[in-house]
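Worksheet for the structure shown next.
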Amino acid sequence: MRQKLVVGNWKMHGSRADVAALLGEISASLPAQAAETAVCPAYVHLAQALEVCAGSAVAVGAQDCSHMSSGAFTGEVSAPMLQDLGCRWVILGHSERRQYHAESDNLVAAKLGAAVAAGIRPIVCVGETREQREGGEAETVVAGQLQGALDGQKDLTGLVIAYEPVWAIGTGLTASPEQAQAMHAFIRGCLAGVAGVDAEATRILYGGSVKPDNAAQLFGQKDIDGALVGGASLDARDFLAIVGAGRA
Ligand code: PEP
């Protein structure tokens, strides 16, 4: 049985005061037997987030990491640095990184290797654009992103996949539970063909306008193992309701 996992992606939002208020409320009010929970604030807020969440069941992760472990890479943050700080998770290949920072599947693969080597659990994002879905290419695109990131990896310990249709991110449009389930089942089938991955044990999160009113229905699908949550993770009550919907 795969335990549900709910991860908040705070993107480039918030101040120190927001981190204290939001995480204070989330860590103090986590529902019993809720989904495993993590939040991914901006790099500059990670240390504070770790302090606020210390002793609670809320884990902290980063939104990205470098593909290199150290060196002259101005502006970058490495996976070993995140591990040293106490981060447990890192989001990789988010569509906003692919779109605004031209991240290729090769780069995502290198970051994945770096994260696993440092002992950080990777959440690898895949998903098609609206044009690709309308053109009947959704499965081909997602299979290509999975292959590009996962093939040839030495170690895929702790791998989590997040299916995030680009057309549903921050738009208020959500894939229907049936649409999401169909893609999650397809992804699990792809994972079954990847060396070193136990497809049945691997958690596949859904991301794209997950809110308190659609979380339970999404989580009721056989292959949906939780959510990567953007906008709604910035509101403690909404995020807690989503986490609560993932009760075992
Ligand atoms: C995301 O960016 O990972 C995301 C899922 O955002 P939202 O929930 O706002 O659609």
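Both counts, for ligands and for their atoms, begin at 1 and track the order of listing. Starting from 1, each residue takes its place in the sequence as its number. Fair warning: this is a prediction, and the values are worked out from it, not measured in the lab.
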List the closest protein heavy-atom neighbour of [atom]: residue, atom name, distance to the nearest 0.1 Å.
| atom | answer |
| --- | --- |
| atom 1 (C) of ligand 1 | His94 NE2, 3.2 Å |
| atom 5 (C) of ligand 1 | Glu164 OE2, 3.0 Å |
| atom 2 (O) of ligand 1 | Lys11 NZ, 2.5 Å |

Using a heavy-atom cut-off of under 4.0 Å, does the side chain or the backbone of Ser95 touch ligand 1, or both, or neither?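 None of Ser95 does.
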
Hey, is Asn9 touching ligand 1 through its side chain, its backbone, both or neither, going by heavy atoms under 4.0 Å? side chain

Give a yes/no verdict on whether any heavy atom in Ala168 is under 4.0 Å from an atom of ligand 1.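 A heavy atom of Ala168 does come that close to ligand 1.
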
Looking only at heavy atoms of Lys211, does any of them come nearer than 4.0 Å to an atom of ligand 1? no

Could you name the option among Gly8, Gly207, Gly230 that has the heavy atom nearest to atom 4 (C) of ligand 1? Gly230

Regarding ligand 1, does [X] bring an N or O atom to under 3.5 Å of one of the ligand's N or O atoms?
| X | value |
| --- | --- |
| Val229 | no |
| Gly208 | no |
| Gly170 | yes |

Regarding [X] and [Y], is there a side-chain donor-to-acceptor distance under 3.5 Å anywhere?
| X | Y | answer |
| --- | --- | --- |
| Glu137 | Thr140 | no |
| Asp223 | Gln181 | yes |
| Tyr163 | Glu128 | yes |
| Glu164 | His94 | yes |
| Asn106 | Ser104 | no |

Less than 4.0 Å between a side-chain N and a carboxylate O, is that true for Arg2 and Asp225?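 Looking at Asp225 and Arg2, the cut-off is met.
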
Considering only NZ, NE, NH1 and NH2 on the basic side and carboxylate oxygens on the acidic side, decide whether Arg237 and Glu25 come within less than 4.0 Å. no

Numbered atoms and elements of ligand 1 in range of Gly231, under 4.0 angstrom, heavy atoms: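 Here the atoms of ligand 1 in question are 7 (P), 8 (O), 9 (O).
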
Could you tell me which atoms of ligand 1, counted from 1 in the order shown, lie closer than 4.0 angstrom to a heavy atom of Ser209?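 Per the distance check, 7 (P), 8 (O), 10 (O).
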
Can you measure from CG (Leu156) to OG1 (Thr202) and round to the nearest 0.5 angstrom? 8.5 Å

Between Leu23 and Leu82, is there shared hydrophobic-cluster membership here, with clusters defined by ILVMFWY side-chain heavy atoms closer than 4.5 Å?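 In one cluster with Leu23: Leu82, yes.
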
